[in-house]
Every structure is written in C-alpha cells, then in structure tokens.
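Taking it in order: structure first as structure tokens, then the write-up.
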Amino acid sequence: MICAPIFGYLGDRYSRRWIMALGVALWSGTTLLGSFMHQYGWFLTFRALVGIGEASYSTIAPTIISDLFISDIRSKMLAFFYFAIPVGSGLGYIIGSEMASLMGSWRWALRVTPILGAIAVVLIWLFKEPQRGQSEGSHNLAVTSYREDLKDIVRNPSFMLSTAGFTCVSFVAGALAWWGPAFMHFGIQLQPGNEDISLSRVSFMFGGVALLSGAIGVPLGSYLSQIFKKRFPRSDPIICALGLLISVPFGAAAMIVVSSSTAWAFTLMFFAELALNLNWAIVADILLYVVMPTRRSTAEAFQILLSHALGDAGSPYLVGVISEAIKAMRRTEIATALHEEIIETIGSNSTIPFDTAATATTDIKETKFVALQYALFATCVVEVLGAVFFLITSFYIIRDRERAKRAIADGSIEEIQNQEADRTSSTSCNS
C-alpha cells in the first residue's frame with residue numbers, strides 16, 4: 001500500500017483505465033507466481049507485490065464511479081463496489097479452504113484468484129473512461145500540483161477525521177480476518193464433544209458469517225445514508241459512529257460465549273460484523289463529496305495508505321504480541337501454582353517431576369484461548385475510538401461538502417480558499 005500515493009498521483013493526471021488494467025494484471029500475475037515459490041524470501045516478495053496491484057484499483061475505481069454517478073445513485077454504486085470487500089473475504093475463506101483440501105496443498109488456494117483477475121482486466125478494457133467531474137457537470141477542472149493537492153486534503157477536517165475513523169474500522173477488520181478463525185477454533189475445542197473439530201471447518205463457518213454480514217451490511221449502510229441524509233445532512237458520519245458502537249457489545253459477547261455455544265458465538269459475530277460493515281460505502285461517499293474530482297485519486301490513495309499502514313497491516317501483529325504476553329503471564333501463574341501444590345503434597349526437599357514441569361511451560365488449549373480472547377478485546381477499544389472520530393466529523397461535514405460544491409462550480413479550490421480567507425479577515429477587521 002506504500003504505492004497507493006503513486007497511483008493516486010497518476011490517477012489524477014493520466015488514463016485511469018490503463019493504470020487499473022496494469023495494476024490488476026500485476027496483482028494476478030504475482031499471486032500466481034507466489035504460489036510456486038518454495039523459499040520464504042521469494043514468497044514474501046511476490047506477496048508484497050500483490051499489494052501494488054491492489055493499490056491501483058482500490059485507489060482509482062471509486063473515483064471513476066464518482067464521475068459516472070451522482071447523489072443517491074452514486075451511493076448505491078459505491079455500496080455495490082464495496083460490497084465486494086467483505087463478501088470477497090468470506091469467499092476467500094470458503095473457496096481457499098475447500099480448494100486447499102481438495103488439491104491437498106494450500107498453494108492451490110492462490111491459483112484460483114488469477115483467473116478472476118484475468119476476467120477483470122478484460123472488463124476494464126471494455127468500458128469508456130468518463131471525464132473527471134462529468135457527473136457533477138464540470139468537465140474542465142484545472143489540475144493542480146501534487147503538493148497543492150496534499151495540502152488541501154490534509155486541511156480538510158471531514159476527510160482527515162473520517163479517514164481516522166476508517167483506520168479504526170480497518171484495524172478491527174484486519175485483526176478479525178487474521179485471528180478470527182483461529183480464536184473461534186480454540187473456543188469451540190473447549191466445548192465437550194468438539195475437541196477434534198478441524199480448523200478448516202471453523203474457517204468455512206467464519207467465512208460464511210463474513211460473507212453474509214458483508215452482503216447485508218454494506219448495502220444497508222448505503223440505504224440508511226440515503227434515507228437520513230436528506231433530512232439530517234450530518235447523518236453519514238453519525239451512522240458510521242453508531243455502527244462501530246453497536247458492533248462493540250456484539251463482538252465482545254461473541255468472544256465470551258464461544259467456549260460454551262457455537263451457534264450463539266457465530267450469531268453474535270454476524271451482528272458485530274454487520275454493524276462494522278455499515279461503514280465501507282458511507283466513508284467512500286464522504287470522501288467523494290468533500291474532495292474535488294481532480295484530487296479524489298490522491299485522497300483515496302492517502303486514505304488507503306493510512307488505513308492500511310495504521311490499521312489492518314499492524315493489527316494482527318499487535319494482537320499476536322498481546323496474546324503472547326498474556327500467555328507468558330499465565331505460564332508463570334501455572335508454574336507457581338504447581339510448585340506450591342507439589343511442596344504441600346510431597347515436601348519442599350523433593351524435586352518437581354519432569355512431566356509436571358513441562359506442563360507449566362506448555363500452552364494448553366485453554367491458555368491459548370484466554371490469551372487470544374483478551375488480546376482481541378483490544379479491538380473493542382479501537383471501535384470506540386473510531387466512533388469518536390466519526391462523531392467529531394459530523395461537526396464539519398456540512399461545511400466541507402458545500403465548500404467542495406462551490407469549488408467544482410468555480411473550477412478551482414484556490415479561489416474558494418481565497419474567498420474564505422477574505423471573509424475571515426474582514427470579520428476580524430469589523431470586530
């Protein structure tokens with residue numbers, strides 16, 4: 001995702017169709033080549049190159065949608081586009097696990113997606129690229145320097161605050177995508193009679209929940225936005241905030257009950273992810289109506305870079321670190337308790353049996369479950385923080401949206417900035 005700013009710069013200045021086609025082709029090719037790598041270094045290299053292709057279409061595609069559609073239609077089309085993220089993730093768990101089991105190797109899970117990538121490249125070539133600002137009636141917007149573009153989007157509070165909120169969403173989504181199946185597996189194994197349940201089966205069920213919650217949650221968020229935005233102009237960031245706050249108790253409850261009830265755990269996790277998925281299309285729509293068309297690719301790239309770098313790129317690692325720290329603490333507690341019990345039973349001068357000492361330093365299933373459970377509780381805190389960012393966004397959203405509309409009508413954001421500066425200065429002089 002480090003390449004996202006490069007694609008943002010190119011997308012605001014050159015043919016977006018060319019850039020997307022090359023990016024998707026690179027993504028498909030590196031995915032396929034990575035499946036044949038047997039050395040970790042080469043495998044990691046090709047997996048890293050996959051991110052370059054992903055950065056191309058995730059940065060540019062929403063801006064093309066914004067130039068084709070406007071208002072409620074654009075919100076619906078964005079919902080349809082972002083519908084693919086959680087649904088695709090769910091299908092990835094299902095198809096990947098089934099393909100790996102069928103062929104007897106995890107490598108075959110990586111050899112399915114390039115076929116879809118090739119189809120996507122063909123589809124990209126079949127459409128005609130719209131002019132920037134076409135849907136909003138502005139066809140001759142002046143392209144400014146990259147420095148001016150960055151300066152403008154950084155000074156846009158609605159964009160920056162919604163990006164911070166969306167980074168929290170990415171943090172939670174990344175942690176659940178990475179650790180969710182393993183955590184559910186540990187919890188279900190603690191239930192009597194489920195000790196031998198396989199990880200692939202749990203991953204299949206988790207993928208089904210992710211797919212269904214995405215299929216419902218993304219369009220539901222767009223639908224709620226269309227209903228409330230007409231009467232309450234500040235409703236978009238408020239819906240995002242409420243989605244995160246609603247997700248917290250459902251997610252926490254799912255993590256608590258998984259060791260006693262599989263059905264309740266997946267039901268609660270469904271509602272937690274459903275509420276989380278309300279954000280995707282709305283955040284994209286916010287970006288498009290508070291940023292000028294000639295700067296939207298740059299803004300998309302900036303948002304993608306921040307949300308991935310500070311969100312889902314680091315959250316699996318952070319959750320893992322917290323989990324390991326908790327396991328280390330529990331090992332010490334278990335060792336101390338066993339030592340005291342042995343002293344009381346056979347005397348202080350006796351040596352600790354080897355198998356008992358080994359038990360103190362080996363992570364049992366319950367220890368792994370509890371450690372990962374407490375680590376994943378951190379995602380609930382991040383969701384609350386994201387809700388705060390979205391609530392603050394609601395104070396600026398109307399002003400920034402109107403400012404972008406005036407800029408599009410006048411063809412330049414600089415003129416709007418000068419007018420606002422003149423009004424501020426005249427107000428100061430009068431006072």
Side-chain angles (χ1 to χ4, degrees), residues 54 57-58 61-62 65 74-98 109 112-113 116-117 120 162 165-184 202-226 236 239-251 253-255 265-287 300 303-304 307-308 311-312 315-316 376 379-380 382-383 386-387 390:
E54 184 181 347
Y57 64 80
S58 59
I65 294 173
R74 181 167 68 188
S75 298
K76 293 175 183 177
M77 293 301 105
L78 285 171
F80 186 72
F81 175 75
Y82 283 100
F83 165 90
I85 295 176
V87 172
S89 298
L91 285 174
Y93 286 116
I94 296 171
I95 297 176
S97 61
E98 290 300 306
V112 178
T113 51
L116 302 176
S162 62
F166 185 64
T167 300
C168 295
V169 174
S170 296
F171 183 98
V172 177
L176 289 178
W178 186 275
W179 290 110
F183 171 72
M184 289 292 195
V202 176
S203 296
F204 185 91
M205 292 188 290
F206 192 87
V209 168
L211 190 156
L212 186 60
S213 64
I216 299 174
V218 174
L220 178 61
S222 176
Y223 177 72
L224 293 174
S225 171
Q226 294 166 45
D236 276 358
I239 293 172
C240 292
L242 290 176
L244 285 171
L245 292 176
I246 292 171
S247 178
V248 171
F250 282 108
M255 296 176 201
F266 278 111
T267 300
L268 291 167
M269 185 58 71
F270 165 77
F271 285 108
E273 294 200 22
L274 175 71
L276 188 68
N277 285 324
L278 296 178
N279 289 267
W280 292 96
I282 298 178
V283 171
D285 202 19
I286 290 174
L287 181 151
E300 286 280 356
Q303 186 176 85
I304 289 170
S307 62
H308 283 284
D312 57 350
S315 61
L376 284 172
T379 60
C380 298
V382 175
E383 284 184 295
F390 280 121

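Throughout, numbering of the chain's residues begins at 1 and tracks the sequence.
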Residues in side-chain contact (heavy atoms from CB on, under 4.5 Å) contact with Pro316, at least two apart in sequence or another chain: Trp178, Trp179

Just so I know, are the side chains of Asn279 and Phe390 near enough to count as touching, which here means a heavy-atom distance under 4.5 Å? yes

Least distance between heavy atoms, Leu278 atom then Gly217 atom: CD2-O, 3.5 Å

With sequence neighbours left out, the residues meeting ring pair (Phe, Tyr, Trp, His ring centres under 6.0 Å) with Phe81 are none

Who are the ring pair (Phe, Tyr, Trp, His ring centres under 6.0 Å) partners of Phe271, not counting sequence neighbours? Phe250

Would you mind reporting whether Lys76 and Gln226 have side-chain heavy atoms less than 4.5 Å apart? yes

Taking the side chain as every heavy atom from C-beta outward, state whether Phe270 and Ile216 have any pair of such atoms under 4.5 Å apart. yes

Working to the nearest 0.5 Å, report the span between OG of Ser247 and CG of Leu242. 12.0 Å

For Asp236, give me all partners under salt bridge (charged side-chain N to carboxylate O under 4.0 Å, His left out), at least two apart in sequence or on another chain. Lys229

Distance, nearest 0.5 Å, that separates CG of Leu176 from CG of Leu376: 6.5 Å

What closest approach, in Å, do Ile246 and Ala275 show between heavy atoms, and which atom pair accounts for it? CG2-CB, 4.0 Å

Worked check of side chain to side chain contact (heavy atoms under 4.5 Å, CB included) between Asp312 and Phe171: CA-CA 4 Å; Asp312 57 350; Phe171 183 98; over 6 Å; no

Short question: side chain of Asp285, backbone of Ala281 - any donor-acceptor pair under 3.5 Å? no

Steps toward side chain to side chain contact (heavy atoms under 4.5 Å, CB included) verdict (Glu383, Val169): CA-CA 7 Å; Glu383 284 184 295; Val169 174; over 6 Å; no

Can you see which heavy atom on Ala387 is nearest to which on Leu244, and at what distance? N-CD1, 3.5 Å

Could you work out, with ring pair (Phe, Tyr, Trp, His ring centres under 6.0 Å) as the rule, every residue matching Phe166, not counting sequence neighbours? Trp280

Hey, what do you get for SG (Cys240) to CG (Leu224), rounding to the nearest 0.5 Å? 10.5 Å

Heavy atoms, side chains only, cut-off 4.5 Å: are Glu300 and Leu287 in contact? yes

Are Met269 and Phe206 close enough, and set up right, to give a side chain to side chain contact (heavy atoms under 4.5 Å, CB included), and what steps lead you there? CA-CA 9 Å; Met269 185 58 71; Phe206 192 87; 4.3 Å; yes

Between Gly251 and Ala272, which heavy-atom pair has the shortest distance, and what is it? N-CB, 3.4 Å

Set of side chain to side chain donor-acceptor pair (under 3.5 Å) partners for Ser315, sequence neighbours left out: none

Are the side chain of Ser307 and the backbone N or O of Gln303 linked by a donor-acceptor pair below 3.5 Å? yes

Sub-3.5 Å donor-acceptor pair from the side chain of Ser213 to the main-chain atoms of Val209, do we have one? yes

Hey, are the side chains of Met255 and Thr379 touching, using non-hydrogen atoms and a 4.5 Å cut-off? yes

Set of side chain to side chain donor-acceptor pair (under 3.5 Å) partners for Ser170, sequence neighbours left out: none

Looking at every non-hydrogen atom in both residues, tell me the closest pair between Ser162 and Ile286 and how far apart they are. OG-CG2, 4.0 Å

